[in-house]
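In what follows, a structure is listed as C-alpha cells, so that the remarks can point back to it.
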Amino acid sequence: DGRTENRTVDRIDYIDALLDQLVIRDRVLFLLFDEVQVLAEDPENADLIAALRTLLDRRKGEIAVIFTGSSLTGLSRMFDDREAPFFRFAARISLPDLNEDFVTHILDLYLRGDERGRIDKAAAMDAFTALQRSPERFRRLIGEVGFDPGRGLEEALADQVADAAERGGFEDLWRSL
C-alpha cells in the first residue's frame, strides 16, 4: 500500500542522510548489520531491502559492510536467492558456535541480583542447544523469562519452540505427508 511505500522511502532517505554525515572523505566507513536476516522474515521489508542494496551500491568504495546473523536459513534467503536484492552481495564466512560463555553473558545481562539464581546455567545451556544455538532466539527467551518473574525457562522454551513450528508451517506439512 502507499503508506508502506512512503515509510520505506522515508527510511531510506533518513539512512542516506545519516550516511552523508558519517562518510569522511578518503576514509572507508564500516557498517555492521547484526541479525540482518530478520529483515527478510517480513515481506513488507522487501522494498526497504532493495533500496538498501541500491544505497550501498551507490556508495561502493566509501562504505564496507559486514552482515551477521544467527540463522543460516534466513541469511540464505537474503544472499543466496536469485530473486533477492542482496543476491551474491557478500561473501560468507562461518564463525565458531557460541558456547557457555555466551549463555553466562546473556544470563548476566538480562537477569539482575536475586533473579540470577532463578535460572540454572546448565538448564540455560540446554535451552540454548534446543534453540539450535541461535543467539537471537536465546536472547528473546531469556528476556521473556527475565521480564516475567512468574514464567519458568521450560514454559518459555516450549512456547518459543511451538511458535517457531507454527511460523514454519511444520504441522501443516506433517499433516500433508
Exercise for the section: Mind running side chain to side chain contact (heavy atoms under 4.5 Å, CB included) on T68 and L75 for me, showing each step along the way? Expected result: CA-CA 8 Å; T68 66; L75 290 169; over 6 Å; no
Exercise for the section: Give the C-alpha distance, both sets of side-chain angles, the deciding distance and a yes or no for side chain to side chain contact (heavy atoms under 4.5 Å, CB included) between D101 and T104. Expected result: CA-CA 5 Å; D101 292 339; T104 300; 5.5 Å; no
Handout entry: Pair R137-Q160, side chain to side chain contact (heavy atoms under 4.5 Å, CB included): steps then yes or no
Key = CA-CA 8 Å; R137 293 176 66 198; Q160 198 175 103; 3.3 Å; yes
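Proximity of I12 to Y14: side-chain heavy atoms (C-beta onward) are nowhere separated by under 4.5 Å. Under the 4.5 Å side-chain criterion, counting only non-hydrogen atoms from C-beta, L39 is in contact with L48. Side-chain contact between F128 and L98: present, with at least one pair of heavy atoms (C-beta onward) separated by less than 4.5 Å. Residues D80 and R88 form no side-chain contact, since every pair of their non-hydrogen atoms from C-beta on lies 4.5 Å or further apart.
Hydrophobic clustering of Ile, Leu, Val, Met, Phe, Trp and Tyr side chains at less than 4.5 Å, counting indirect connections, keeps F89 apart from I66. Residue L52 is not grouped with residue V38 when hydrophobic side chains (ILVMFWY) are merged at heavy-atom distances under 4.5 angstrom, including chains of intermediate members.
Minimum interatomic distance between F138 and V103 (heavy atoms only, all atoms of both residues): CZ-CG1, 3.9 Å. Considering all non-hydrogen atoms of both residues, V28 and I63 come closest at CG1-C, 4.1 Å. Residues N99 and R133 share a closest heavy-atom pair of CA-NH1, 3.9 Å. Closest of all the heavy-atom pairs between L157 and A130 is CD2-CB, 4.2 Å. Between L56 and F67, the shortest heavy-atom contact is CD1-CZ, 4.2 Å. Between I49 and M78 the shortest heavy-atom distance is CG2-CE, 4.2 Å.
Heavy atoms of other residues, nucleotides or ligands lying less than 6.0 angstrom from CD1 of I93 number 12 at most. The environment of CD in Q132 is sparse: at most 12 heavy-atom neighbours from other residues, nucleotides or ligands sit within 6.0 Å.
Between E35 and R139 there is a salt bridge, with a side-chain nitrogen of the basic residue lying less than 4.0 Å from a carboxylate oxygen of the acidic one. Using a 4.0 Å cut-off between charged nitrogen and carboxylate oxygen, R140 and E136 count as a salt-bridge pair. With salt bridges taken as basic N to acidic carboxylate O contacts below 4.0 Å, one links R151 and E144.
The aromatic rings of H105 and F102 sit tilted relative to each other, their planes meeting at an angle between 30° and 60°.
Shown are D16, T54, L29, V65; of these, the side chain to side chain contact (heavy atoms under 4.5 Å, CB included) with R59 is made only by D16.
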